[in-house]
Amino acid sequence: MLSSGSDKKSAQTFATTFALLANSLGANSKNVLEKFTKFAKEAKTSQTTSLKTISSKGIKFDTGFSTKKIYIFITR
């Protein structure tokens, strides 16, 4: 996952980009990142693909976590 030691810079870049995107769409970026972090930690211990939705100010971030990939679909 992105939080491993070797990927710390990648994780930081991802978080910044994701927060900027959420903010530019009108969502509460802090709230979105907090929920995303929580979902990512839960998915890290799972052996199956998990789907979760983050909603903020009418914007939906449908997140999918597999063992190797992260998917984010954004809808209004």
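When a residue number appears, it is its place in the shown sequence, counting from 1. Keep in mind it's a predicted model, so treat the numbers as computed, not measured.
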Discussion item. Show the nearest heavy-atom pair for residues K57 and G26, with the distance to one decimal.
Written reply: CD-O, 3.1 Å

Fill in: Shortest non-hydrogen contact from D62 toward T53
OD1-OG1, 2.6 Å

Worksheet item: For the atom pair CD1 (I74) and CD1 (I59), what is the distance rounded to the nearest 0.5 Å?
Response: 8.5 Å

Discussion item. Please report the interatomic distance OG(S56) to CD(E34), rounded to the nearest 0.5 Å.
Written reply: 11.0 Å

Practice prompt. To the nearest 0.5 Å, tell me how far N28 CG sits from K35 NZ.
Written response: 9.0 Å

Worksheet item: Does some side-chain heavy atom of K52 sit less than 4.5 Å from a side-chain heavy atom of E42?
Response: yes

Item to complete: Using the side chain to side chain contact (heavy atoms under 4.5 Å, CB included) rule, take F61 and F18 through it: C-alpha gap first, then chi angles, then the decisive distance, then the call.
Response: CA-CA 11 Å; F61 300 86; F18 191 43; 3.8 Å; yes

Worksheet entry | Heavy-atom pair of closest approach, residues S29 and A19 | CB-O, 3.4 Å

Practice prompt. Check whether L20 and L33 end up in the same hydrophobic cluster, where Ile, Leu, Val, Met, Phe, Trp and Tyr are linked by side-chain heavy atoms less than 4.5 Å apart.
Written response: no

Discussion item. Would a single hydrophobic cluster contain both L51 and F39, if residues Ile, Leu, Val, Met, Phe, Trp and Tyr are joined by side-chain heavy-atom contacts under 4.5 Å?
Written reply: no

Practice prompt. Quick one: sort the F36 and F65 rings into parallel, tilted or perpendicular, breaks at 30° and 60°.
Written response: tilted

Practice prompt. Compare all side-chain heavy atoms of T63 with those of Y71 and state whether any distance is below 4.5 angstrom.
Written response: no

Worksheet item: How long is the span from the CG atom in L21 to the OG1 atom in T16, to the nearest 0.5 Å?
Response: 12.5 Å

Practice prompt. Give the cluster check for I70 versus F73: same hydrophobic cluster or not, with ILVMFWY residues linked at side-chain heavy-atom distances below 4.5 Å.
Written response: no

